[in-house]
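All remarks here apply to the structure that follows.
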Amino acid sequence: MIDIRLLREDPERVRVSQRARGEDVGVVDAVLDADARHRSSLSDYETLRAAQKSFGKKVAAAQGEEKQALLAEVKDTAARVKELEAAKDAAAEERESLLRTIGNVIIDGVPSGGEDDFALIETIGEPRDFAAEGFEPLDHLALGERLGAIDMARGAKVSGSRFYYLTGPGARLETALMNLALDRARDAGFVQLQVPTLVTPQTMAGAGFLDAHADEVYRLEADDLYLTGTSEVALAGFHADEIIDLTQGPRRYTAMSTCYRREAGSYGKDTQGIIRVHQFQKVEMFIYARPEDAEAEHEALLKWERGMLDDLGLAYRVIDVAAGDLGGPAARKFDCEAWVPTQGRYRELTSTSNCTTYQARRLNTRERGESGTRTVATLNGTLATTRFLVAILETHQQADGSVTVPEVLRPYTGFDAITPA
RNA sequence: GGAGGCGUCGCCUAGUCUGGUCUAUGGCGCCCGCCUGCUAAGCGGGUUUGGGGCUACAACCCCAUCGAGGGUUCAAAUCCCUCCGCCUCCGCCA
């Protein structure tokens, strides 16, 4: 949720942001209008309520006949107060629901437009030239099956489409990747958490996953809980309704969790292999920072993500995601997309978002400053996910059908290469 | 699953039975000041959070806030209902 004060003081900035996102601009004036009505009704209510309260003291002090007279006099104020309160609450609710539809105000420099309007920041590494090496690369699924690393058929048997087993070296490789990521996060000062992956509707909504992503989410009807699609949800909820101390610097947390996504509306897309699946593992970084430090922290998150991709020997590019593709909470988002040889294109492996104060405002996470409290900024980023295996397997495959394990992973896998069984 | 107990402004705590100067008590901690060669002790003051008014974003005034939400009442921390959380015991299952 954006700050109503920003909207009052500088509505044009919000309009510019809405326009860049391709969202409704008129809602800005609708909020301003609702806000004015809310404040007016609030004032009416408070005035009468104050009168009622002071009258109540007179009643308390009075006795006998005098008391009865006073009671008769205020009889109807109670009803009137209730009416004004209801009107005030209705106005507040209208203002809130309108305000909630507004996405975070984008940061200067974020490109306008939709999915294809991203700005390319940098391309790193050269896609491997298999033609020059004289062999046709196999896709990650073919490789995975030949190497006894991925078993889609049994995944489908047990759980349906878009489920899979990682087997033997495949499972080992994923664990190695996660452990590498967790070690790096620790070295960078992140505190590791093991987090709930089932959360309440309040937490889910607070983190911003019940708006645009609502049908992407698994819901457990019987318990009114949601399965999280990322540990970002639990990490964002960790300090909900708290006032935290950021005077010693940002708070950095990391968590590995299983992530669940319905992938509704993606029929026919990426049906092969483990690119797009209902369940996967992810190591996520999450930062609580002072608003003025947020952009620097965002750069740092991107740097850590790039460090992983660099050391895994992947060719990738970094993009500045366009406004219309940010989702509600993010004010800016950088994606790292790795080259997938058999697809001949870059696919998203990591994503880091600067949510400024948008997410924290909903979750009510504040810090104590010199003049009272204020909402903190939150940021998140991917350090590793199961999808990395796609790029790793394809990029590091050899003519003989084996896959060379990147050096940084070897201490974790315990083997240097995966060879056909 | 069953029975019971508890939730008060950082922490502890009074108040709840018997609704009304509760404008929520006291202690600890913390902050400011006095005193002091320095520290401690002592003394005085301050110390929930959110919102609104007025404004210099001060001071001040007002509203809400006693786990959350409803209700009763002229009036609710206090009475009633629902929900949430924690604790104890019993049962069941790891």
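Throughout, protein chains are lettered first and strands after them, A, B, ... in sequence-line order, and every chain is numbered starting at 1.
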Next item on the list: Look at R5(A) and C57(B) and indicate whether a side-chain polar atom (N or O) is within less than 4.0 Å of OP1 or OP2.
Entry: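 Checking R5(A) against C57(B): no side-chain N or O falls below 4.0 Å of OP1 or OP2.
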
Note to self: Is K82(A) close enough to U72(B) that one of its side-chain N or O atoms is under 4.0 Å from OP1 or OP2 there?
What the structure shows: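 True: K82(A) side-chain N/O within range (under 4.0 Å) of U72(B) OP1/OP2.
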
Pairwise [atom1] distance for [N] and [M], with rounding to whole Å:
| N | M | atom1 | answer |
| --- | --- | --- | --- |
| C12(B) | G71(B) | P | 32 Å |
| U25(B) | U16(B) | P | 15 Å |
| U8(B) | A14(B) | C1' | 10 Å |
| G46(B) | G51(B) | P | 25 Å |
| C62(B) | U55(B) | C1' | 15 Å |
| C31(B) | G10(B) | C1' | 13 Å |
| G4(B) | G20(B) | C1' | 33 Å |
| G70(B) | U13(B) | C1' | 29 Å |

Using a heavy-atom cut-off of under 4.0 Å over every strand shown, decide if [X] touches base, sugar-phosphate, or nothing.
| X | result |
| --- | --- |
| R361(A) | nothing |
| F55(A) | nothing |
| R80(A) | nothing |

Base-pairing mate for [N] - Watson-Crick or G-U, with both contacts under 3.5 Å:
| N | result |
| --- | --- |
| C79(B) | G71(B) |
| U18(B) | none |
| C11(B) | G27(B) |
| A3(B) | U88(B) |
| A58(B) | none |
| U39(B) | none |

Please give, in whole Å, the distance from [N] [atom2] to [X] [atom1]?
| X | N | atom1 | atom2 | value |
| --- | --- | --- | --- | --- |
| R39(A) | G51(B) | CZ | P | 12 Å |
| Q52(A) | C62(B) | CD | P | 16 Å |
| R49(A) | C61(B) | CZ | P | 19 Å |
| D241(A) | A68(B) | CG | P | 11 Å |
| M1(A) | G50(B) | CE | P | 14 Å |
| D3(A) | C57(B) | CG | P | 16 Å |
| K53(A) | U65(B) | NZ | P | 8 Å |
| D223(A) | C83(B) | CG | C1' | 16 Å |

Any ion pair linking [Y] and [X] (charged N to carboxylate O, less than 4.0 Å)?
| X | Y | value |
| --- | --- | --- |
| R374(A) | E367(A) | yes |
| E221(A) | R219(A) | yes |
| R15(A) | D29(A) | yes |
| R306(A) | E337(A) | no |

Which nucleotide wins on minimum distance to the side chain of [X], given the candidates [options]?
| X | options | answer |
| --- | --- | --- |
| T373(A) | G50(B), G52(B), U49(B) | G50(B) |
| A50(A) | C62(B), U73(B), G50(B) | C62(B) |
| A78(A) | U49(B), G53(B), A75(B) | A75(B) |

Notebook entry, point to check: More 5' along RNA chain B: T47(A) or R374(A), using each one's nearest nucleotide?
Noted result: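 Closer to the 5' end of RNA chain B: R374(A).
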
Notebook entry, point to check: Which comes earlier along RNA chain B counting from the 5' end, the contact point of R368(A) or that of K88(A), where each point is its nearest nucleotide?
Noted result: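 Result of the comparison: R368(A).
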
Notebook entry, point to check: Would you say the base of G51(B) and the side-chain of E46(A) have a donor-acceptor pair closer than 3.5 Å?
Noted result: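 Result: at least one qualifying N/O pair found.
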
Next item on the list: Check for a donor-acceptor pair, side chain of S159(A) on one end and backbone N or O of A156(A) on the other, with a separation under 3.5 Å.
Entry: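 Checking the backbone N and O of A156(A) against the side chain of S159(A), no donor-acceptor pair under 3.5 Å is found.
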
Note to self: Would the distance check show the side chain of R261(A) and the main-chain N or O of G229(A) forming a donor-acceptor pair, the cut-off being under 3.5 Å?
What the structure shows: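 Yes, because the side chain of R261(A) sits within donor-acceptor range (under 3.5 Å) of the backbone of G229(A).
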
Check: Given the side-chain rings of F163(A) and Y165(A), with only the six-membered ring counted for Trp, is the space between their centroids under 6.0 Å?
Finding: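 Not close enough - the centres of the two rings lie 6.0 Å or further apart.
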
